[in-house]
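One structure below.
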Amino acid sequence: MTSTTAPARGTLLILNGPNLNLLGTREPGIYGSATLSDVEALTTAAAESAGFGASCLQSNHEGVLIDAIHAARGTAVGIIINAGAYTHTSVALRDAIAAVELPTVEVHISNVHKREEFRHHSYLSPVCSAVIVGAGIHGYELAVSALDKTLS
Ligand code: DQA
């Protein structure tokens, strides 16, 4: 996990779920050529220019993501999450987001609604403040922008 210090407006937790560590080499026709490091750098830069800090974590493990969401209560002012395939399977992640009551933006790099039917349903969307799909990695910057407004 990387973090910045002393942000004027508090810290945003940037969470990426399973297989997103493979960005850059994973199905580039769908997800593009940017790496996870690129995504974290652009999201952190967007957060910092809005006066936030950013704390970035990627994990392939559902429980690690849940623990990070729990820890955000009291340490972060908002969450940006691309939960990868857990989006479509995890009631536990949904319950964690609902429990911490932080504004949370769900991001998907691809337009999940143009893809297989099993990707059309998200357990997370009903407990998120905004959902951004299909904008590529720019979606993470749009998520910062959404939290900037929500938290102003
Ligand atoms: C994804 C879409 C999910 O369906 C998929 O399982 C991912 C990535 C996206 O960013 O487009 O891992 O969340």
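All residue numbers refer to positions in the sequence shown, counting from 1. The structure displayed is predicted, hence computed values, not measured ones. Every heavy atom of this structure was used, including side-chain atoms; hydrogens, water molecules and symmetry mates were not. Atoms within each ligand, like the ligands themselves, are counted from 1 in listed order.
By the 3.5 Å distance cut-off applied to N or O atoms, Asn82 is counted among the residues near ligand 1. Taking distance alone, with nitrogen or oxygen atoms compared against 3.5 Å, Leu20 stays at or beyond that limit from ligand 1. Remark: ligand 1 and Ile109 share an N or O pair separated by less than 3.5 Å (distance only, no angle test).
Side-chain N/O atoms of Glu106 and Ser122 include a donor and acceptor closer than 3.5 Å.
In terms of protein heavy-atom proximity, atom 5 (C) of ligand 1 is nearest to Arg119 NH1, 3.3 Å. Atom 11 (O) of ligand 1 has Ser110 OG, 2.6 Å as its closest protein atom, hydrogens excluded (heavy atom only).
Under a hydrophobic-cluster definition in which Ile, Leu, Val, Met, Phe, Trp and Tyr are linked whenever side-chain heavy atoms come within less than 4.5 Å, directly or via other members, Val112 and Leu22 are assigned to different clusters.
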Please table the atom pairs, donor to acceptor, closer than 3.5 Å between any side-chain atom in residues 139-146 and protein atoms at least two apart or in another chain.
unit_1, atom_1, unit_2, atom_2, d
Tyr140, OH, Asn16, OD1, 2.6
Tyr140, OH, Asn82, ND2, 3.1
Glu141, OE1, His138, ND1, 2.8

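Between His88 and His108, the ring planes lie parallel to each other; the angle is under 30°, not in the 30° to 60° tilted range.
Shown in contact with Val112 at under 4.0 Å from a heavy atom are these atoms of ligand 1, numbered in order with element: 2 (C), 4 (O). Under a 4.0 Å criterion applied to the non-hydrogen atoms of His108, ligand 1 contributes the atoms 1 (C), 2 (C), 9 (C), 10 (O), 11 (O), 13 (O). Ligand 1 places these atoms under 4.0 Å from at least one heavy atom of His88: 3 (C), 4 (O).
To the nearest 0.5 angstrom, His121 atom NE2 is 11.0 Å from Thr89 atom OG1. To the nearest 0.5 Å, atom NE2 of residue His61 and atom CD of residue Gln58 are 8.5 Å apart.
Residue contacts with ligand 1, taken as heavy atom pairs separated by less than 4.0 Å, do not involve Asn19 at all. When heavy-atom distances to ligand 1 are checked against a 4.0 Å cut-off, His120 has no atom that comes that close, whether in backbone or side chain.
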For this session: Assess whether side-chain contact (heavy atoms from CB on, under 4.5 Å) is satisfied between Leu20 and Leu23, documenting all intermediate values.
Result: CA-CA 5 Å; Leu20 291 164; Leu23 281 176; 4.1 Å; yes
